[in-house]
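None of these values were measured; they are calculated from a predicted model.
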Amino acid sequence: MTSRGAGRQVRKSAAERRREIVAAAARVGLEEGLECVTRQRIADGLGVQSGLIHHYFPVVEELVAEAFAEATTAELDGLLPEAADGSEDGDPLGALRRFFTLISGAEFDNVSKLWLNARHLSRYRPALHGQVVSQELRWCRRIEQIVARGVEERAFRCGDPWAAAVRILAVVDGASAYINTSADRRAAPLTDLARTLAEAELGLPAGGLRMP
């Protein structure tokens, strides 16, 4: 006889199931690449039928786009938490020091690869293209907010926080462009490039964005 007791599974709400699917797709995108985000791959990982994935995402490209957004938003919140979270409130200098320390570690490699992957695929996938543009602007705005707050507190000297944010992230992205190929030969010379540029943009002395 089949027991209907404590082992019975609780049915998840539609919102919970959708979040679970997107989170699983984000993990696959980070670890294996966005090309691997398929209905069958996600269904296998969750132990469900692929038809369930199709029910929530009839167009698989929408799942790919949301997986990218989920992964990059989580990474942004980890690297540069918003002031509302209390982690960087009142300390823009500390926030940027922490940011440059974290992105110089190997833990940032997967998200660097994901950005390269997404920018390439977005040439052919409109839904993904929209998310790539949205996330680029979100990352720039997060740095702009920190820089602007630092200017207000006289921790930084910068006439255009938005332009500074764009240039800083352009250098971060450029330095990570070799992550899939010659990183072993180019990583060391590029390690401090973004930090050095940011110090110049913000009127800080050399080494001003290093952790004390």
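- Within the 4.5 Å cutoff, the side chain of Pro161 has no heavy atoms near those of the Glu152 side chain.
- Taking both residues in full, the closest heavy atoms of Leu63 and Ala25 are given as CD1-CB, 3.7 Å, listed atom of the first, atom of the second, then distance.
- Between the Glu199 side chain and the Gly207 main chain, a donor and an acceptor come within less than 3.5 Å of each other.
- Across every non-hydrogen atom of Cys158 and Ala164, the tightest pair is SG-CB, 3.7 Å.
- A salt bridge is defined here as a Lys NZ or Arg NE, NH1 or NH2 lying under 4.0 Å from an Asp or Glu carboxylate O, and Arg17 with Glu20 meets this definition.
- Of all the heavy atoms in Ala71 and Leu114, the pair that sits closest is CB-CD2, 3.6 Å.
- A donor-acceptor pair under 3.5 Å links the side-chain atoms of Arg142 to the main chain of Leu80, judged by distance alone.
- Counting heavy atoms from C-beta outward, Pro92 and Phe156 have side chains that approach closer than 4.5 Å.
- Residues Glu70 and Leu30 are not in side-chain contact: their nearest non-hydrogen atoms beyond the backbone lie 4.5 Å or more apart.
- Ala43 and Ile53 get closest at one heavy-atom pair: CB-CG1, 3.9 Å.
- Atoms CZ and CG, from Phe99 and Leu209 in turn, are 10.5 Å apart once rounded to the nearest 0.5 Å.
- We find the CG-CG distance between Leu93 and Leu202 to be 9.0 Å, quoted to the nearest 0.5 Å.
- Distance CZ/Arg125 to NE2/His120: 8.5 Å, rounded to 0.5 Å.
- For Gln49, the CD atom counts as loosely surrounded, since its 6.0 Å shell holds 12 or fewer non-hydrogen atoms of other residues, nucleotides or ligands.
- Hydrophobic clustering, with ILVMFWY side chains joined whenever heavy atoms are under 4.5 angstrom apart, groups Val171 together with Ile143.
- Looking only at distances, no side-chain donor or acceptor of Asn117 sits under 3.5 Å from a matching main-chain atom of Gly33.
- Side-chain N or O atoms of Ser122 include one that pairs as donor or acceptor with a backbone N or O of Arg119 at under 3.5 Å.
- What you find for Ile21 and Phe57 is that their closest heavy atoms are CG2-CE1, 3.8 Å.
- Val166 and Trp139 are members of different hydrophobic clusters when ILVMFWY side chains are connected at heavy-atom separations under 4.5 Å.
- The main-chain N or O of Phe108 is found under 3.5 Å from a side-chain atom of Ser112 such that the two form a donor-acceptor pair.
- Rounded to the nearest 0.5 angstrom, Gln131 CD and Glu62 CD are separated by 8.5 Å.
- Both Val111 and Leu193 are assigned to one and the same hydrophobic cluster, defined by single-linkage of ILVMFWY side chains at heavy-atom distances under 4.5 Å.
- If you chain together hydrophobic residues whose side chains sit under 4.5 Å apart, Trp162 and Leu96 never meet in one group.
- Arg210 contributes no side-chain N or O that, together with a main-chain N or O of Phe100, makes up a donor-acceptor pair within less than 3.5 Å.
- Atom CG of Leu197 sits about 7.5 Å away from atom CZ of Arg167, to the nearest 0.5 Å.
- In this structure a side-chain-to-backbone donor-acceptor pair under 3.5 Å is missing from Arg39 to Gly51.
- Between Ala24 and Leu46 the shortest heavy-atom distance is CB-CD2, 3.9 Å.
- A donor-acceptor contact shorter than 3.5 Å links the side chain of Arg97 to the backbone of Gly208.
- Linking Ile, Leu, Val, Met, Phe, Trp and Tyr residues whenever their side-chain heavy atoms come within less than 4.5 Å places Tyr56 and Val22 in a single cluster.
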**Message:** The test is side chain to side chain contact (heavy atoms under 4.5 Å, CB included); show your working for Thr72 and Leu76 and say whether it passes.
**Reply:** CA-CA 6 Å; Thr72 51; Leu76 174 60; over 6 Å; no

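- Interatomic distance, Arg27 CZ to Asn110 CG, rounded to the nearest 0.5 Å: 13.5 Å.
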